[in-house]
Number of protein chains: 2
Amino acid sequence: MPDDSIAIVARPRVADVARLAGVSAATVSRILNGSEMFADATRIRVQEAARQLGFQPDPAARSLRRGQGDSIALLVGDIEQGVYAGLTRHMQAALEDMGLDLLVYDLAHQEARLRRFLERAPARRLRGIVLATTDTLPEDCIGLLRGLMAQQVKVIALRQRLDQHGIASVIQDEHSAAKLATAALLRKGRMPIAFLGRISGSLMGAERCEGYRDALREAGHAVDSALIWDASYRYRAGFTATAEALQRGLAFSAILAASDELALGAIAALQDAGRSVPGDVAVIGFGDADWAAYQRPSLTSLSEHPAELSGIVRGILEGKATGLLHEVKRHLVERQSG
Amino acid sequence: MPDDSIAIVARPRVADVARLAGVSAATVSRILNGSEMFADATRIRVQEAARQLGFQPDPAARSLRRGQGDSIALLVGDIEQGVYAGLTRHMQAALEDMGLDLLVYDLAHQEARLRRFLERAPARRLRGIVLATTDTLPEDCIGLLRGLMAQQVKVIALRQRLDQHGIASVIQDEHSAAKLATAALLRKGRMPIAFLGRISGSLMGAERCEGYRDALREAGHAVDSALIWDASYRYRAGFTATAEALQRGLAFSAILAASDELALGAIAALQDAGRSVPGDVAVIGFGDADWAAYQRPSLTSLSEHPAELSGIVRGILEGKATGLLHEVKRHLVERQSG
DNA sequence: TTGTAGGCGTTATCAA
DNA sequence: TTGATAACGCCTACAA
């Protein structure tokens, strides 16, 4: 049975704490914000009063006065992609530790949505913006980001290099990861190898493709452009690209896919066409999704490091990490598919 | 080459707009907030001035003055589960439409995290809290939620019934969905059928199990409690529970899993044990994950309706939807696995 | 070491 | 229909 007798209790203010502690509001504010220059007796009295009243400072008032809020906006390429969901979880945990709120904005891989957010951002008193997408940004958005930085908003690019624009960037080494995976496939006698993934419109995607090319070249193989399939990150794209390649009669014994989603789509197309994985074709993905181990065949993939990435972002936000470019190494998580 | 000449441009205030339009700040505020009682000339002058200066009201100041902010907190059971990621995307889009920000908080299925958030919530001037989890809540958290409601925070339960506590709830019909799926399996001659999913600690999970039981009973079958496997929502749990059942030599020709993640884990265990899906064992999941169509066998699943759910939440937030309980119907999306 | 006073930007009340 | 003024809650410069 619902209890409808809800009493509206006014939340305590600094003034209330001050009254109870027998000091001024200024003293309360200073002590609660960690000022050291107070008599122990005063400090304890104030802290006790705050505790007793359950005082929590009003973020709106604080933000108005300080000119800076307590939230960070996380802009993700697509929250439904595993890597971004994982990133969101770790970022939220890291920010919570810092006492910051996490605002999530889904870009859905659309420039227009990014622009829309950035245009509305200046008024929001954000502490920072973490832009997590590998999609290449249009010039005007970079300009907007730099404008935000001028307003003291900390801007951090995640999974994409923007350090050439003076924007702190935290990335994973796509180039050497792709090279690593390609080399591993070659070692197992796989050749020709196809590359499946976003290349146009994504600098990091292009990096991955470059790593793949370099590995082939270094092993003395020619790069066949018919085996480079430019596709977006979703399942369908992987399925379609692979199905078309099979239909065209292209020969390949391995696929390096730029995401686990693409890899799954590719595997489905292969199996539908009667090819076995990894028997006929080996497949490696990127992102080490949590479901990768529960596929059959289980999916070999390049590791993803949301916790480390979030940790570095945290360091930057706290001013502890210096430097414009931070890189985390990926490694190969070997399973059945490749 | 980075252009380091960033000019700090002061953002315009109502006062600036007022000056440009030749009116008072109060007039600007009123017109920009949609007051009707002004001469057209004035209104146009003010709107033009605001546009020209690119004025955007400061949310902190507004929130301080109005006593209410512009953000909604979305508390999700686990952002890395597909259903919650999808929900997050749709909720964000819906809120953006309303001009509201989305704060995401990951509960990681832990009561302590929910409590932690709710204790810090009162100070935050949230417009609303959307609690999206099927996990049963402890009493004290319900109390905290009701306290928040008393402070004019709109509280909405998503995927769980809390209407008995006076909390608006938006759910999907778990009971009839489970019944539907079970009946479909029975029609195809599948029996015995196992149930795999969270039961303890989740009212909606228990509902699903009840639907399964009812379908069996109505078809004149006994319910074998050895075929009801209480497991959490993740892949591993599905894998483990199924592997154990196989090891114990339990006989079953179908599994109804309470999530697609569990279903995938179950399929992996079945295939590892040499059972074919759906040949030997049919499997149906819940959630219609985007990858379900790209599994082989592709996964039959009960539909999930994040867009409809978000739409109803929006209606409630806008005060358009009345009533404490809203239900969306699931249907069966038939694919290969079941 | 502590207090007083003023202002952050907006909106609501009151008066005109 | 419009304007002046005060107040939301907090923090900090200045004073003591």
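Residue numbers begin at 1 in each chain, while the letters A, B, ... track the order of the sequences.
- Across the protein-nucleic acid pair, Q151(B) atom CD and dG9(D) atom C1' stand 16 Å apart, rounded to whole Å.
- You'll find that the side chain of F55(A) is closest to dC10(D), out of dT11(C), dG3(D), dC10(D).
- Spacing between atom CG of L64(A) and atom P of dG6(C) amounts to 18 Å, rounded to whole angstrom units.
- Atom CZ of R66(A) is separated from atom P of dC8(D) by 20 Å (rounded to the nearest Å).
- Between D16(A) and R11(A) there is no salt bridge, since none of the side-chain N atoms of the basic residue sits less than 4.0 Å from a carboxylate O of the acidic one.
- Applying the 4.0 Å criterion to OP1 and OP2 of dT2(D), one finds that S24(B) has every side-chain N and O outside that range.
- Spacing between atom CD1 of I31(B) and atom C1' of dT2(D) amounts to 9 Å, rounded to whole angstrom units.
- Using a 4.0 Å cut-off between a side-chain N of Lys or Arg and a carboxylate O of Asp or Glu, K154(B) and E318(B) do not qualify as a salt bridge.
- The nearest whole Å value for the distance from the CZ atom in R62(A) to the C1' atom in dG9(C) is 18 Å.
- The closest donor-acceptor contact from the side chain of S169(B) to the backbone of A157(B) lies at 3.5 Å or more, if one exists at all.
- Along DNA chain D, the nucleotide closest to R43(B) and the one closest to A61(B) are compared, and the more 5′ of them pairs with R43(B).
- Within the 4.0 angstrom heavy-atom criterion, only backbone atoms of the sugar-phosphate kind lie near R125(B); the bases stay farther away.
- Using a cut-off of 4.0 Å between Lys/Arg side-chain N and Asp/Glu carboxylate O, R125(B) and D70(B) are scored as not salt-bridged.
- For R30(B), counting side-chain heavy atoms from C-beta on, the closest listed nucleotide (dC10(D), dG9(C), dC14(C)) is dC14(C).
- Remark: P of dA13(D) and CE of M37(A) are 10 Å apart, rounded to the nearest angstrom.
- The CZ-P distance, from R19(A) to dG9(D), rounds to 12 Å in whole Å.
- Residue-level contact check: A26(A) touches the bases, meaning some heavy atom is under 4.0 Å from a base atom.
- Exactly one residue among I167(A), L317(A), L131(A) makes a side chain to side chain contact (heavy atoms under 4.5 Å, CB included) with I156(A). That residue is L317(A).
- Within the structure, a side-chain polar atom (N or O) of T42(A) is placed less than 4.0 Å from OP1 or OP2 of dT2(C).
- Atom pair R124(B):CZ and dC10(D):P shows a separation of 16 Å (rounding to whole Å applied).
- Between R65(B) and the phosphate of dA7(D), there is no side-chain N or O to OP1/OP2 separation shorter than 4.0 Å.
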